[in-house]
Amino acid sequence: MMSKPTETGSRGHAAEKYRRAFLLTLVAFTAVAGVAAWLWWRSPFNPMTRRGQPAVASETLQPTTEPTGSPDGSTAPQADTPLAPIQLSPQRMQSIGVKVGTVESKVISDEIRSYGNVQANERRFAYVQTRFAGWIRQIYADATGDFIEKGQPLFTIYSPDLVASEREYLLARKSATSLQQSAVSGVADGAASLITASKARLQQFDIPESDIAKLDDTGEPITDLTVNSPVSGYITEKNALPNMYVQPDTKLYTIADLSEIWVFAQVFQNDAGKIKPGDPAEVTVDAYPEQIFRGRVDYLLPQLDMATRTLSVRLVLPNPGLKLRPGMYVNVRLKLPLGQRLIVPDSAVFHSGTKNLIFTYAGEGNIEPHEVELGPHVGDQFVISKGAKAGEQIVTSANFLIDSEAQLAAAAGAFMPPPPGAGQAAAMNAPAPTQATVELATVPSPPQKGSNIIRIKLTDQAGKPITGAQVNVTFFMAAMPAMGMAAMKTVVQASDKGGGMYEGNGALGSGGTWQVTITAQQNGQTIANKQLSVNATGGM
């Protein structure tokens with residue numbers, strides 16, 4: 001009879017399988033970690049690998065620029081690659097597209113374009129109220145939005161207080177006429193004073209002189225006084241109704257004079273410092289595309305809009321024909337005069353990251369970088385605050401390529417500026433340098449990361465070897481910040497081996513493309529200056 005496996009036996013078998021799987025996984029993980037550690041140890045990015053490279057003799061090629069660190073281990077900020085003057089041949093200038101311009105000094109103005117909205121000028125609002133209580137009888141201006149001319153009737157009003165004051169005035173005039181011939185001293189003067197006082201009371205009620213003259217002519221009180229508009233404009237608020245009882249504090253009409261309006265333009269906060277009251281402004285509106293409304297900056301409001309980060313600038317504009325209506329959306333151009341300033345095309349400015357550069361042109365292919373301080377950007381031009389002079393010739397195109405050339409010249413130390421005052425005449429009188437042919441060879445070929453033998457062959461125009469020269473070979477590789485690599489420069493002095501051959505040993509710090517500059521001097525004069533590129537093997 002076959003026995004059934006027990007539950008305990010099954011569990012033990014499963015545990016054994018689990019232990020075997022765990023051990024296999026642990027062994028595989030350990031192997032992968034060991035391979036990764038070995039690859040990192042051999043990698044050029046390992047600082048221990050770099051420190052472990054053997055030292056070489058003084059004539060051996062060595063990288064002179066490496067990432068530096070602070071004592072606590074943090075990486076220090078890298079300095080900008082230095083620049084040096086360069087000299088380009090006419091063919092080279094033409095091939096890279098070099099163009100030359102001039103630093104100009106002229107009166108300029110900046111322009112800020114924005115948008116805005118039309119509003120009524122609050123200084124030109126007129127409120128219609130009475131200085132006495134009474135009942136409105138008849139309404140003439142009966143709709144909000146109507147245009148009212150100055151002096152046009154608005155409504156008529158009956159006021160018992162006003163009628164009583166008119167009767168007092170008429171009575172004073174009648175009494176003065178009868179007492180004018182009185183022999184009693186002071187009676188005539190008292191009657192005249194009574195007329196003056198009663199007339200002043202009517203004037204305090206703001207009764208027009210024309211209505212007072214009507215009282216004089218008719219001798220009858222005016223029961224329904226007509227109230228006229230004090231200004232020309234649009235009715236923006238109307239509270240007057242027929243048979244309405246009004247008090248002196250009742251605001252019956254609000255009339256807006258739109259012959260001069262406000263425009264509130266929105267400008268970004270970084271432009272606020274450029275604007276000042278009195279600056280000219282131009283406004284256009286889609287309803288009248290061919291018309292420009294001109295005004296001026298009146299005031300910069302103190303509060304910034306937190307949502308849009310914009311500042312309101314109030315403009316004042318005349319409104320001929322009353323074409324600009326409150327609420328209209330308009331386009332705004334603010335004209336900001338900057339006075340006499342130095343300007344260059346924006347294509348002439350090279351932004352290196354931490355510096356702003358221009359490249360001055362001294363003629364005969366001589367180009368020199370200069371750091372400048374920039375002012376505002378006006379149209380397609382930059383204002384130069386410091387670092388340039390009016391009339392100076394500058395390069396206005398191909399600045400990126402020229403910057404690369406200047407970096408290579410600074411790294412190789414190959415540029416030798418002419419002495420002060422040297423020009424075309426000096427160049428004609430100076431002895432022509434010997435033209436030498438330069439050939440570069442390396443062992444191994446192509447060169448590799450690490451130690452290499454650098455061989456230079458110098459021959460004259462006739463093919464004869466040149467001996468007794470001082471030969472320097474400079475390798476340069478630009479920085480690659482994305483890969484965490486600083487610029488590397490290596491220099492070797494090749495010694496004379498006879499027969500025009502010069503040789504030196506060196507070690508390249510990385511594989512990749514190196515810019516090579518070979519210079520040879522004899523008796524204090526440069527006889528050869530050659531630049532080329534070589535590709536080294538061995539990886540980064």
Stepwise side-chain contact (heavy atoms from CB on, under 4.5 Å) check, N319 with S259: CA-CA 5 Å; N319 189 18; S259 62; 5.7 Å; no
Residues T517, K530; criterion side-chain contact (heavy atoms from CB on, under 4.5 Å); working and verdict: CA-CA 6 Å; T517 301; K530 183 175 182 179; over 6 Å; no
Steps toward side-chain contact (heavy atoms from CB on, under 4.5 Å) verdict (K457, Y502): CA-CA 6 Å; K457 182 178 181 181; Y502 299 81; over 6 Å; no
Verdict with supporting geometry, I456 and V438, side-chain contact (heavy atoms from CB on, under 4.5 Å): CA-CA 7 Å; I456 303 298; V438 181; 4.0 Å; yes
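The list of side chain to side chain donor-acceptor pair (under 3.5 Å) pairs with a residue in residues 376-390, not counting sequence neighbours, reads D346-H377. Among residues at least two apart or in separate chains, side chain to side chain donor-acceptor pair (under 3.5 Å) pairs with a member in residues 101-110 are S105-Q340. Within the structure, side chain to side chain donor-acceptor pair (under 3.5 Å) pairs that include any residue of residues 274-283 comprise D271-K274, K276-D279, E282-R333 (at least two apart or interchain).
Distance alone, capped at 3.5 Å, places no donor-acceptor pair between the T396 side chain and the A348 backbone. Listed for the D460 side chain is a donor-acceptor partner under 3.5 Å among the backbone atoms of K464. For E392 (side chain) and Y361 (main-chain N/O), no donor-acceptor pair under 3.5 Å exists by modelled atom type.
Here F293 contributes atom CZ and L317 contributes atom CG; the two are 8.5 Å apart, rounded to the nearest 0.5 Å. The distance from the CZ atom of F359 to the CD1 atom of I367 is 8.5 Å, given to the nearest 0.5 Å. Taking CG of L300 as the reference point, atom CD1 of I275 lies at 5.5 Å (rounded to 0.5 Å).
With contacts defined as side-chain heavy-atom distances shorter than 4.5 Å, the pair V349/F382 qualifies. F475 has its side chain within reach of V534: a pair of non-hydrogen atoms, C-beta onward, lies under 4.5 Å apart. At a threshold of 4.5 Å between non-hydrogen side-chain atoms, the residues P289 and T284 do not count as touching. Counting heavy atoms from C-beta on, the side chains of Q531 and V516 never come closer than 4.5 Å. Side-chain contact between V283 and N331: absent, with no pair of heavy atoms (C-beta onward) separated by less than 4.5 Å. Put simply, the side chain of V263 reaches to within 4.5 Å of the side chain of V330, judged on heavy atoms. Taking 4.5 Å as the limit, some side-chain heavy atom of L315 sits within range of a side-chain heavy atom of V332.
E290 is linked by a side-chain hydrogen bond (donor to acceptor under 3.5 Å, both in side chains) to nothing, counting only residues two or more places apart in sequence or in another chain. Looking at residues two or more places apart in sequence or on another chain, you find a salt bridge (Lys or Arg N to Asp or Glu O under 4.0 Å) between E260 and R124. Applying the salt bridge (Lys or Arg N to Asp or Glu O under 4.0 Å) criterion to R296, with sequence neighbours excluded, gives D298. Residues satisfying the side-chain hydrogen bond (donor to acceptor under 3.5 Å, both in side chains) criterion with N356, sequence neighbours excluded, are H351. Partners of R341 by side-chain hydrogen bond (donor to acceptor under 3.5 Å, both in side chains), not counting sequence neighbours: none found. A search for salt bridge (Lys or Arg N to Asp or Glu O under 4.0 Å) contacts involving K99 returns nothing, not counting sequence neighbours. With sequence neighbours excluded, no residue forms a side-chain hydrogen bond (donor to acceptor under 3.5 Å, both in side chains) with R294.
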Considering only distance and modelled atom types, tabulate donor-acceptor pairs under 3.5 Å from the side chains of residues 368-375, sequence neighbours left out.
unit_1	atom_1	unit_2	atom_2	d
H370	NE2	T360	OG1	3.4

Run the side-chain donor-acceptor check on residues 321-329: report pairs under 3.5 Å with partners two or more places apart or on a different chain.
unit_1	atom_1	unit_2	atom_2	d
K323	NZ	Q291	OE1	2.9
R325	NE	L322	O	2.7

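Side-chain contact annotation: N535 with T513, donor-acceptor N/O pair under 3.5 Å present.
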